[in-house]
Colleague: 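Supplied in structure tokens, the structure appears directly below.
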Amino acid sequence: MQDRDLGIYKPAESTTSRHLPCSHELCQPGSGCTNPKQPCTYNIDYFSENTTSSGLLIEDSLHLNSREGHAPVNASVIIGCGRKQSGDYLDGIAPDGLLGLGMADISVPSFLARAGLVRNSFSMCFKEDSSGRIFFGDQGVSSQQSTPFVPLYGKLQTYAVNVDKSCIGHKCLEGSSFQALVDSGTSFTSLPPDVYKAFTTEFDKQINASRVPYEDSTWKYCYSASPLEMPDVPTIILAFAANKSFQAVNPILPFNDEQGALARFCLAVLPSTEPIGIIGQNFLVGYHVVFDRESMKLGWYRSECRDVDNSTTVPLGPSQHGSSEDPLPSNEQQTSPPVTPATTGTAPPSSATTNRQMLFASSYPLLFLTMSTVFFIS
């Protein structure tokens, strides 16, 4: 992927943008509309404390490349253009924005499928440097494993799956079944409190390494290591129904000393604050993950995502328009606290320097940070 010096999106500088009117079918009740012609607003409360985003809904074109050698596609989508941000947004989270990939009608995959551009499915792959690709319309390969999406809190409206049991090394834990959201917008995997306790206890028992305290309270299970001696890490497998299984390729987070040499590593799994878990980005690395919304199932198969290095991008030339009359977004503190937080959360930020880029963002729909990502029509 080519490096580009990207700027803030400004609707007034786009020849294809328009404010979504209150009369539009996707303008939700409670948007503060007083007449059908005024711009439709949005407000999102995130699970992270006091983290919100509010602004206007904008319709504009999304430029997509094709991996089949066809011409690029311009697709009409609706995006939220933030005017007020609070909480983690003020700390620099998601500087390039968030791409909504959820099941709702307003998400990008829903727009593309309704327009007849692609099948109602998408997939993604991650490299270890957090770059990757999203393939809209991709339903995976015939040899992939899969498990169905299931209702969460009585509603089939997000990418939730049933995990039958968790296995550490040679031992599968009894009573370790749980529901989990598959959320690429959450950096690290988290487990319900009771599962987390059994999981970490067994991991600590099996790993042949000295446990060390770490100043960052985020990580509870950390171990000494060196460039010459890296202990064997027990395999971590999530088992699903019908003998389907998912092995985390690299469930640890390495930390370097001041000279840049490996000094320790931590188990990159967190306790959830909810009775559900989250299968986050760190477990998805090394896989091609398929969100098949037609068959309502999650698919996966091993992939190094190597073709990212040979990718091309759709030209993103600068706008020829003048200055904006809509200076969005701004780092303006929200004056009122969030009322209805979403049901997923982020890992708390760490002050430590890691070998891996730490991406912290989430909301109720599955989200994906758009930085270092190439989008393709499949």
Side-chain angles (χ1 to χ4, degrees), residues 4 6-45 52-66 71-85 89 94-122 134 136-137 157 185 293 313-330 361 363-371 373-377:
R4 293 190 179 272
L6 301 179
I8 293 176
Y9 171 75
K10 300 177 181 179
E13 295 185 5
S14 170
T15 60
T16 53
S17 74
R18 73 179 185 98
H19 290 287
L20 198 73
C22 285
S23 58
H24 196 282
E25 61 181 354
L26 292 179
C27 185
Q28 297 295 318
S31 298
C33 294
T34 57
N35 71 72
K37 292 185 178 180
Q38 76 180 78
C40 181
T41 63
Y42 78 90
N43 185 73
I44 294 179
D45 300 306
T52 67
S53 175
S54 62
L56 300 174
L57 291 179
I58 304 292
E59 185 174 10
D60 209 335
S61 293
L62 180 66
H63 303 281
L64 299 165
N65 207 345
S66 171
V73 172
N74 296 331
S76 178
V77 298
I78 294 174
I79 58 177
C81 201
R83 278 187 162 173
K84 291 184 179 181
Q85 321 292 344
Y89 278 110
D96 296 331
L98 295 171
L99 181 69
L101 299 174
M103 291 186 182
D105 289 341
I106 203 168
S107 75
V108 172
S110 298
F111 281 120
L112 299 179
R114 280 201 309 275
L117 295 172
V118 295
R119 302 290 295 268
N120 192 11
S121 180
F122 68 93
I134 298 180
F136 293 111
Q157 59 183 9
R293 294 138 53 100
T313 58
V314 178
L316 297 172
S319 169
Q320 300 301 313
H321 273 247
S323 61
S324 170
E325 61 188 29
D326 293 307
L328 307 176
S330 66
S363 74
Y364 191 69
L366 179 133
L367 299 171
F368 183 74
L369 291 172
T370 59
M371 184 169 62
T373 306
V374 184
F375 306 103
F376 277 77
I377 286 284

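Sequence positions, counted from 1, serve as the residue numbers for this chain.
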Colleague: Over all heavy atoms of both residues, which pair between M103 and S110 is shortest? Give the atoms and the distance, please.
Modeller: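 What the structure gives for the nearest pair is O-OG, 3.8 Å.
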Colleague: I need the minimum non-hydrogen distance between I106 and F111, along with the two atoms involved.
Modeller: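 Scanning both residues completely, I find the closest heavy atoms to be O-CE1, 3.0 Å.
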Colleague: After noting the C-alpha distance and the side-chain angles of V73 and L112, does the key distance pass the side chain to side chain contact (heavy atoms under 4.5 Å, CB included) rule?
Modeller: CA-CA 10 Å; V73 172; L112 299 179; over 6 Å; no
Colleague: Find the distance between SG (C22) and CD (Q38) and round it off to the nearest 0.5 Å.
Modeller: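 Result: 4.0 Å between the selected atoms.
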Colleague: SG-SG distance between C33 and C40 under 2.5 Å?
Modeller: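 No, C33 does not link to C40 through a disulfide.
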Colleague: Could you go through the side-chain hydrogen bond (donor to acceptor under 3.5 Å, both in side chains) check for D60 and T16 one step at a time?
Modeller: CA-CA 6 Å; D60 209 335; T16 53; 2.3 Å; yes
Colleague: Mind checking whether Q85 and T52 have side chains closer than 4.5 Å, heavy atoms only?
Modeller: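 With C-beta onward as the side chain, the pair stays apart.
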Colleague: What are the two closest non-hydrogen atoms of L26 and L57, and how far apart are they?
Modeller: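 Smallest heavy-atom distance, with atoms named: O-CD1, 4.5 Å.
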Colleague: Indicate yes or no for a side-chain donor-acceptor contact from S53 to the backbone of I44 under 3.5 Å, with no hydrogens or angles considered.
Modeller: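 Looks like no, no N/O pair under 3.5 Å.
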Colleague: As a quick check of understanding, evaluate side chain to side chain contact (heavy atoms under 4.5 Å, CB included) for L64 and L117, giving each step before the final call.
Modeller: CA-CA 11 Å; L64 299 165; L117 295 172; 5.8 Å; no
Colleague: Side-chain contact test, heavy atoms from C-beta onward, threshold under 4.5 Å: evaluate it for T41 versus R83 and give yes or no.
Modeller: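 In short, these two side chains do not touch, never coming nearer than 4.5 Å.
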Colleague: Could you measure the distance from the NZ atom of K10 to the CD1 atom of I58? Nearest 0.5 Å is fine.
Modeller: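 One finds 14.0 Å between NZ of K10 and CD1 of I58.
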Colleague: Check Y9 against S17 and note the closest heavy-atom contact, atom names and distance.
Modeller: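 Result for this residue pair: OH-CB, 3.4 Å.
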Colleague: Between F136 and V118, what is the shortest heavy-atom contact and its length?
Modeller: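 Smallest interatomic distance, heavy atoms only, reads O-CG1, 3.7 Å.
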Colleague: Please name all residues satisfying side-chain contact (heavy atoms from CB on, under 4.5 Å) with N120, sequence neighbours left out, ordered by chain then number.
Modeller: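 If we apply the side-chain contact (heavy atoms from CB on, under 4.5 Å) test to N120, skipping adjacent residues, the hits are A113, R293, E294.
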Colleague: Can you give me the closest heavy-atom contact between P36 and P21, atom names plus distance?
Modeller: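 Looking at all heavy atoms of both residues, the closest pair is O-CB, 3.7 Å.
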Colleague: Quick one: does S107's side chain have a donor or acceptor within less than 3.5 Å of a partner on G102's backbone?
Modeller: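 Looks like yes, one N/O pair under 3.5 Å.
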